[in-house]
Amino acid sequence: MRDRAESRQGKQGLIIAIDGPAGVGKSTVARLLALRLGYLYLDTGALYRAIAWKVRDAGLSPDDRASIAALLPETTLRMACGPEQAHVLLDGRDITGELRTPAVTALASMVSAIPAVREWLLPVQRQIGAEGCVVAEGRDIGTKVFPEADMKFFLEADPEIRATRRHRELVAAGHAVQLDETKRDLTGRDERDRSRTVAPLMPAPDAERIDTSSMPAEMVVEHMMAVITAKL
Ligand code: DC
């Protein structure tokens with residue numbers, strides 16, 4: 001298809017929102033879809049992870065909401081997005097490689113429940129997606145970040161399958177974790193993401209829901225392409 005530079009010229013391109021819980025295959029699918037369309041891939045979880053990284057670096061407790069909120073005005077967060085990998089620049093430093101550790105993952109889930117953090121990240125995300133031609137992936141893209149998105153997908157999958165997928169990814173990345181531990185972490189994160197008061201994880205009423213339990217990523221992308229083509 002068109003390359004992104006071409007897509008981004010002229011008419012405003014589409015905004016495609018993909019939401020869903022951890023381990024459901026969002027990142028893989030969003031990246032593949034962005035590649036197919038020549039669109040930008042926006043991994044919003046990486047932005048929450050970056051704030052978690054800073055909170056950890058500053059030695060703050062995730063319960064110390066006032067101190068975390070006070071960090072934000074003096075923070076600069078930029079994403080150098082591409083269809084395959086996004087580099088996250090926090091206060092001028094590329095921290096991309098440090099965002100997917102179990103410690104940052106757990107902290108990101110807690111930090112993302114803080115209203116001041118969500119509010120601060122809202123314009124950051126909207127600015128990246130402002131020109132359209134973007135596949136944005138997260139928890140509240142279709143409900144809050146881009147409620148006007150042209151296409152919304154909500155991915156779901158059996159929790160056991162999600163935990164197994166996530167465990168496989170962690171082991172492949174060199175983390176020595178047990179499957180049971182991964183399951184517990186995932187359940188805890190799910191619970192926090194769904195029950196927080198601000199922008200909880202939930203499908204937008206106009207989202208197309210896809211159960212990925214027995215679908216490989218390529219099949220999910222094919223299905224999405226069919227939905228997108230039918231809607232255009
Ligand atoms: O998608 P991820 O696992 O990289 O996200 C990390 C955390 O950030 C996750 O626990 C939920 C939170 N998050 C969020 O609250 N809203 C988003 N749009 C994206 C992520």
Side-chain angles (χ1 to χ4, degrees), residues 15-31 34 41-56 62 65 68 72 77 79 81 85-88 90 95-129 134-147 149 152-157 159 162-163 165-170 173 175 177 182-204 207 212 217:
I15 295 179
I16 300 173
I18 303 180
D19 289 303
V24 81
K26 289 189 305 292
S27 306
T28 310
V29 162
R31 200 176 290 124
Y41 162 52
L42 171 55
D43 169 10
T44 62
L47 300 173
Y48 286 92
R49 288 171 182 271
I51 300 300
W53 187 94
K54 183 157 180 168
V55 166
R56 188 171 149 85
R65 294 186 165 202
I68 293 174
L72 299 171
L77 185 52
M79 233 182 180
C81 297
Q85 235 230 317
H87 282 264
V88 180
L90 179 83
I95 56 161
T96 316
E98 298 166 48
L99 295 180
R100 307 208 74 83
T101 63
V104 171
T105 300
L107 198 55
S109 174
M110 294 180 227
V111 160
S112 69
I114 302 175
V117 170
R118 303 203 72 83
E119 215 158 283
W120 190 83
L121 279 176
L122 208 48
V124 175
Q125 297 168 84
R126 285 185 179 153
Q127 211 232 320
I128 297 172
V134 65
V135 178
E137 169 244 308
R139 305 292 191 288
D140 61 342
I141 307 301
T143 52
K144 181 84 182 160
V145 181
F146 298 120
K152 298 180 187 177
F153 296 100
F154 191 87
L155 305 189
E156 297 160 295
R162 292 196 284 119
R165 281 180 189 159
R166 182 44 54 97
H167 182 250
R168 211 182 299 133
E169 281 168 16
L170 284 168
H175 298 291
V177 282
T182 308
K183 270 186 200 164
R184 264 199 314 278
D185 290 350
L186 205 84
T187 311
R189 283 217 285 154
D190 274 3
E191 183 52 33
R192 262 195 303 274
D193 289 349
R194 288 183 209 275
S195 63
R196 64 173 173 239
T197 46
V198 186
L201 169 67
M202 65 163 91
T212 68

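Every number for a ligand or one of its atoms is a count from 1 in the order of the listing. All values reported here derive from a predicted model rather than from experimental measurement.
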Passing candidate, side-chain hydrogen bond (donor to acceptor under 3.5 Å, both in side chains) with Arg139, options Thr44, Asp19, Asp193: Asp193
Tell me which part of Ser112 gets within contact of ligand 1: side chain, backbone, both or neither, using heavy atoms under 4.0 Å. side chain
Exercise: do Thr105 and Arg100 side chains pair donor with acceptor under 3.5 Å: no
Measuring from non-hydrogen atoms of Arg100 to any atom of ligand 1, is the shortest distance under 4.0 Å? yes
Does any part of the side chain of Arg118, heavy atoms only, come nearer than 4.5 Å to the side chain of Asp140, both counted from C-beta? yes
Ligand 1 atoms nearer than 4.0 angstrom to some heavy atom of Asp193 are 9 (C), 10 (O), 11 (C)
When you compare ligand 1 with Asp43, is there at least one nitrogen or oxygen pair between them that comes in under 3.5 angstrom? no
When rounded to the nearest 0.5 angstrom, what is the spacing between CG in Leu42 and CZ in Arg126? 12.5 Å
So if I count the atoms of ligand 1 from 1 in the order they appear, which ones are less than 4.0 Å from some heavy atom of Ser109? 10 (O)
If you measure every N or O of Thr44 against every N or O of ligand 1, does any of those distances drop under 3.5 Å? yes
Heavy-atom distance under 4.5 Å between the side chains of Met79 and Val124, does that happen here? no
Looking at atom 1 (O) of ligand 1, what's its closest protein heavy atom, distance included? Arg139 NH1, 2.8 Å
Within a distance under 4.0 Å of any heavy atom of Gly138, pick out the atoms of ligand 1 and give their elements. 18 (N), 19 (C)
State whether a side-chain donor-acceptor pair under 3.5 Å links Thr101 with Arg56. no
For atom 18 (N) of ligand 1, what is the nearest protein heavy atom, given as residue, atom name and distance? Asp140 OD1, 2.8 Å
Side-chain (Thr143) to main-chain (Ala204) donor-acceptor, under 3.5 angstrom: no
Can you find a non-hydrogen atom of Arg196 under 4.0 Å from ligand 1? yes
Within 4.0 Å of some non-hydrogen atom of Arg118, the atoms of ligand 1 are 14 (C), 15 (O), 16 (N)
Could you report the tightest heavy-atom contact between Lys152 and Pro147, atom names first, then the distance? NZ-O, 2.8 Å
Taking non-hydrogen atoms only, is Arg189 closer than 4.0 angstrom to ligand 1 via side chain, backbone, both or neither? side chain
Provide, to 0.1 Å, the distance between atom 5 (O) of ligand 1 and the closest protein heavy atom, together with that atom's residue and name. Gly45 CA, 3.6 Å
Is the closest N or O pair between Thr105 and ligand 1 shorter than 3.5 Å? no
Could you check atom 8 (O) of ligand 1 against the protein and tell me its nearest heavy-atom contact, residue, atom and distance included? Tyr48 CB, 3.5 Å
So is Arg49 polar-close to ligand 1, meaning N/O to N/O under 3.5 Å? yes
Pairs of nitrogen or oxygen atoms closer than 3.5 Å, one from Gln125 and one from ligand 1: do any exist? no
Kindly indicate whether the side chain of Ser112, heavy atoms from C-beta on, has any atom under 4.5 Å from the side chain of Arg192. no
With no hydrogens and no angle check, is any side-chain donor or acceptor of Lys26 less than 3.5 Å from a backbone partner on Gly20? yes
